[in-house]
Amino acid sequence: MRWWHTAVSDGARQIPRLALWSIVAIWTLPTVGLFVSGFRQRDAQRRTGWWNLRLGDLTGDNYDAVFSARDSLTTSLLNSFAIAIPATIIPIAIAAIAAYGFAWMDFPGRRVLFMGTVSLLAVPLQVALIPLLQMFVGGAHLSLPLFNKTITVVPDLNLVNTTTAVWITHAGFAMPFAVFLFHSYISNLPRDLFEAARIDGAGHFDIFWRLVLPLSLPVLAAFGTFQFLWTWNDYLIANTFAGTNPDARPTTIIIANLAGAFGQNEHLLPAAGFVQAFFPLVVFFALQRYFIRGILAGSIKQ
């Protein structure tokens, strides 16, 4: 009977693995359906679901139409990169330095300033769109009636309808969460490591560059993945600050307009949607091993 108990035990150990792969298969179905539908003709898409695939229904015309459309998807992909890359790198660079300062540098008002920074997470993005749009159009000015003066806080940089306005907005609103996440991780790094570095004569810059950044790679990669996916798939901010400039529109706006006024080109949406989703998938799978480790950073003491 020993073989029976061994077989039962092996089968029980396989159950979690089978359940996990089942979840993965179900989670992947929408992406597979999007990919398959992108190669199906319009009549086939309207007649049956993507799972009723026939070789005679396959065509590459959808992708040809997407890349040769009046509003080029190729140009919009470049715009999406021009938005997502700086909107990801700049918050990481600034927030990592700020998180190290809040965690390991003693200066007056540190706790108050950190709490004020983190409290900005409660500010809804939507309430700031119009003030930001006004600032990008004409700058920001502070009126002082008592002195009959007006102080220019932010000059008119003419950023409206540019990709710069979009990534600046994304970077600014990503900063509080980045500081909070990085601080949770960096503050739990071993104190003995920092004390040993200071004994060896290392300053704050050397400690940050040679110790903190290499040790914080999981949380940096996790936030980078999260931020890149968010900015790449954003529609609201991009449409607000660059929606009227055809040369600055990212893929989300182009795809939304691709169906036409009455939806006559809706068969092009699966092909365009898969092209738009391809690059985030590459980024996610390249960094996915860091994602969970980074998001859970600081939840337990190290």
Side-chain angles (χ1 to χ4, degrees), residues 76 78-103 105 109-142 151-186 208 213 216 219-245 248-253 280 283 287 294-295 297:
S76 68
L78 296 178
N79 292 334
S80 293
F81 278 113
I83 293 170
I85 292 176
T88 302
I89 295 177
I90 292 177
I92 290 177
I94 297 177
I97 297 173
Y100 171 78
F102 286 132
M105 296 178 65
R110 181 181 64 171
R111 293 183 179 274
V112 175
L113 186 58
F114 176 72
M115 293 177 62
T117 302
V118 174
S119 66
L120 293 176
L121 286 168
V123 178
L125 170 64
Q126 293 78 6
V127 303
L129 292 181
I130 300 304
L132 283 174
L133 182 62
Q134 293 175 343
M135 184 184 71
F136 291 146
V137 172
H141 309 278
L142 180 62
I151 300 176
T152 300
V153 180
V154 179
D156 182 8
L157 301 177
N158 194 25
L159 295 178
V160 69
N161 285 326
T162 64
T163 56
T164 304
V166 182
W167 69 253
I168 286 178
T169 304
H170 279 296
F173 275 90
M175 209 72 68
F177 176 70
V179 171
F180 173 75
L181 183 64
F182 296 167
H183 178 270
S184 299
Y185 188 92
I186 294 174
F208 175 77
L213 284 185
S216 302
V219 70
L220 298 180
F223 175 80
T225 305
F226 179 83
Q227 179 68 1
F228 184 88
L229 296 177
W230 169 257
T231 54
W232 183 273
N233 294 319
D234 167 71
Y235 175 84
L236 176 62
I237 297 176
N239 192 48
T240 301
F241 298 120
T244 58
N245 182 8
R249 293 171 180 169
T251 53
T252 50
I253 297 179
V283 172
L287 300 176
I295 290 298

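We count residues from 1, following the sequence as given.
- Taking the six-membered ring where the residue is Trp, F81 and W232 present perpendicular rings, their angle passing 60° and hence far from 30°.
- Going from atom CE of M135 over to atom CD1 of I130 covers 13.0 Å, rounded to the nearest 0.5 Å.
- Using cut-offs of 30° and 60° on the angle between ring planes, the pair F241 and F136 is perpendicular.
- Rounded to the nearest 0.5 angstrom, N245 CG and N79 CG are separated by 8.5 Å.
- Tested against F102, the residues F182, F114, F180 include a single ring-ring contact (aromatic ring centres under 6.0 Å, His included) partner, F114.
- Here CG of N239 is found 4.5 Å from CD1 of I253. Values are rounded to the nearest 0.5 Å.
- Under the 4.5 Å side-chain criterion, counting only non-hydrogen atoms from C-beta, V160 is in contact with L133.
- The heavy-atom pair separating A82 from W167 by the smallest distance is O-CD1, 3.6 Å.
- Partner of F173 under the side-chain contact (heavy atoms from CB on, under 4.5 Å) criterion, chosen from I237, L132, I168: L132.
- Contact between H183 and A99 at its shortest, heavy atoms only, is N-CB, 3.5 Å.
- N233 places a side-chain N or O within 3.5 Å of a backbone atom of L229 that can act as its donor or acceptor partner.
- Across all their heavy atoms, P176 and L120 have their closest contact at CG-CB, 3.7 Å.
- Taking every heavy atom of both residues into account, T162 and A242 meet most closely at O-CB, 4.0 Å.
- Considering every non-hydrogen atom in both P91 and P86, the closest pair reads CD-O, 3.7 Å.
- Atom OG1 of residue T251 and atom CG of residue L78 lie 10.5 Å apart, to the nearest 0.5 angstrom.
- Between W230 and H170, the angle of the ring planes goes over 60°, which puts this pair in the perpendicular group of the 30/60° scheme.
- Taking 4.5 Å as the limit, some side-chain heavy atom of F208 sits within range of a side-chain heavy atom of I97.
- Contact check for S216 versus Y100: no side-chain heavy atoms found under the 4.5 Å cut-off.
- Atom CD of Q126 sits about 9.5 Å away from atom OG1 of T240, to the nearest 0.5 Å.
- For the pair T164 (side chain) and L159 (backbone), a donor-acceptor distance under 3.5 Å is absent.
- Contact between A103 and R110 at its shortest, heavy atoms only, is O-NH1, 3.9 Å.
- In this structure a side-chain-to-backbone donor-acceptor pair under 3.5 Å is present from T252 to D234.
- Looking at V219 and I186, their side chains never come closer than 4.5 Å, going by heavy atoms from C-beta outward.
- Taking the side chain as every heavy atom from C-beta outward, L236 and L129 approach each other to under 4.5 Å.
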